[in-house]
Amino acid sequence: MTPLNSPLEVGVRALVLLAESHPQPLGLSQLVALDYLVLHSGEFDGPCSLHPDLPAREGELGRKRELLEQGLLVLIRAGLADLVRSDDGLMYAATENGPTFIEVLEAPYIASLRERAEWALRHYASPAHARSVTHQIINRAAKGSASEGAGHG
């Protein structure tokens, strides 16, 4: 298993988001958008991005959903997150152990994740914001593809 962008790494990022939003649950679409925001916060006038701006980063969204589902299963099995029912459907929430687990992690990367997760949740936590961010990312990818194609004529 590769450590970068593995279900475990994506699961830890999801747990940071769930811990910061605790006890408020988040839907999978929200987690996908918020995870992108945490990694690429500089694109949205937030703190500097944690990950570099790669040309095809918008393509992360498709793979991110699958990895998040796998990572969330890891969290649920470990007792750090739960699947909960809400008026908006099935959502994910940190258990009481989730925030505690994040508190004991002392790596500088975790501190940076927490800072960006707090920023992302403050500005983009609602399902409507998650949809808006997803549309912005997809539109940015479409514009990038169109401008690349225009130069190859």
Side-chain angles (χ1 to χ4, degrees), residues 1-54 56-141:
M1 172 164 78
T2 63
L4 295 175
N5 284 320
S6 67
L8 180 59
E9 179 194 0
V10 176
V12 169
R13 290 197 313 254
L15 183 57
V16 168
L17 284 161
L18 293 172
E20 290 297 326
S21 73
H22 184 73
Q24 184 68 37
L26 298 170
L28 186 59
S29 295
Q30 286 175 283
L31 284 166
V32 169
L34 289 166
D35 187 59
Y36 186 94
L37 283 164
V38 164
L39 297 178
H40 303 289
S41 49
E43 293 178 32
F44 295 86
D45 298 324
C48 65
S49 296
L50 280 177
H51 288 192
D53 292 340
L54 300 173
R57 65 190 171 280
E58 292 85 2
E60 291 176 25
L61 290 180
R63 180 88 172 107
K64 189 178 295 290
R65 186 176 189 90
E66 178 185 339
L67 287 170
L68 264 167
E69 288 175 325
Q70 294 170 7
L72 288 163
L73 285 175
V74 171
L75 298 176
I76 290 169
R77 287 186 195 126
L80 299 172
D82 264 329
L83 194 57
V84 296
R85 289 181 200 203
S86 79
D87 293 340
D88 296 321
L90 293 176
M91 301 181 85
Y92 297 89
T95 63
E96 293 300 320
N97 294 331
T100 305
F101 181 80
I102 293 299
E103 286 291 326
V104 299
L105 299 176
E106 295 182 4
Y109 184 72
I110 297 296
S112 295
L113 279 175
R114 291 182 72 189
E115 173 190 342
R116 283 152 183 83
E118 183 182 316
W119 166 82
L121 286 161
R122 190 172 345 111
H123 296 286
Y124 299 99
S126 77
H129 281 121
R131 284 189 297 277
S132 172
V133 167
T134 302
H135 288 296
Q136 287 178 44
I137 296 165
I138 291 169
N139 288 338
R140 190 175 306 146

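The two residues S49 and G42 come nearest to each other via the heavy atoms OG-N, 3.0 Å. Taking every heavy atom of both residues into account, M91 and S86 meet most closely at SD-OG, 3.0 Å. Taking all atoms of both residues into account, the shortest heavy-atom contact from A93 to P23 is CB-O, 4.5 Å. When all heavy atoms of K64 and V32 are compared, the pair lying nearest together is CD-O, 3.5 Å. When all heavy atoms are compared, the tightest approach of P47 to S41 is O-OG, 2.7 Å. Minimum interatomic distance between S29 and R65 (heavy atoms only, all atoms of both residues): OG-NH1, 3.5 Å.
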Checklist entry - Between F44 and H123, does a side-chain contact (heavy atoms from CB on, under 4.5 Å) hold up when you go through it step by step? => result CA-CA 10 Å; F44 295 86; H123 296 286; over 6 Å; no
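For R122, the salt bridge (charged side-chain N to carboxylate O under 4.0 Å, His left out) partners are E118, not counting sequence neighbours. Listed by chain and number, the residues in a salt bridge (charged side-chain N to carboxylate O under 4.0 Å, His left out) with R116 amount to none (sequence neighbours excluded).
Put simply, OH on Y124 and CD on Q136 are 6.5 Å apart, with the number rounded to the nearest 0.5 Å. Within the model, atoms CZ of R13 and CG of L34 stand 12.0 Å from one another, a figure rounded to the nearest 0.5 Å. Taking CG from L83 and OH from Y92, the interatomic distance works out to 5.0 Å, rounded to the nearest 0.5 Å. A distance of 9.0 Å separates CD1 in I102 from CG in L18, rounded to the nearest 0.5 Å. We find the CG-CG distance between D35 and L26 to be 11.5 Å, quoted to the nearest 0.5 Å. A distance of 10.5 Å separates CG in L15 from CG in L31, rounded to the nearest 0.5 Å.
Here the side chain of Q24 pairs no donor or acceptor atom with the backbone of S21 at under 3.5 angstrom. Side chain of T95 to main chain of G79: a donor-acceptor pair is present (N/O by atom type, distance under 3.5 Å, no hydrogens or angles).
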Which pairs of donor and acceptor atoms, one on a side chain in residues 66-75, lie under 3.5 Å apart (sequence neighbours left out)?
{"unit_1": "E66", "atom_1": "OE2", "unit_2": "R63", "atom_2": "NH1", "d": "3.3"}
{"unit_1": "E66", "atom_1": "OE2", "unit_2": "Q70", "atom_2": "NE2", "d": "3.4"}

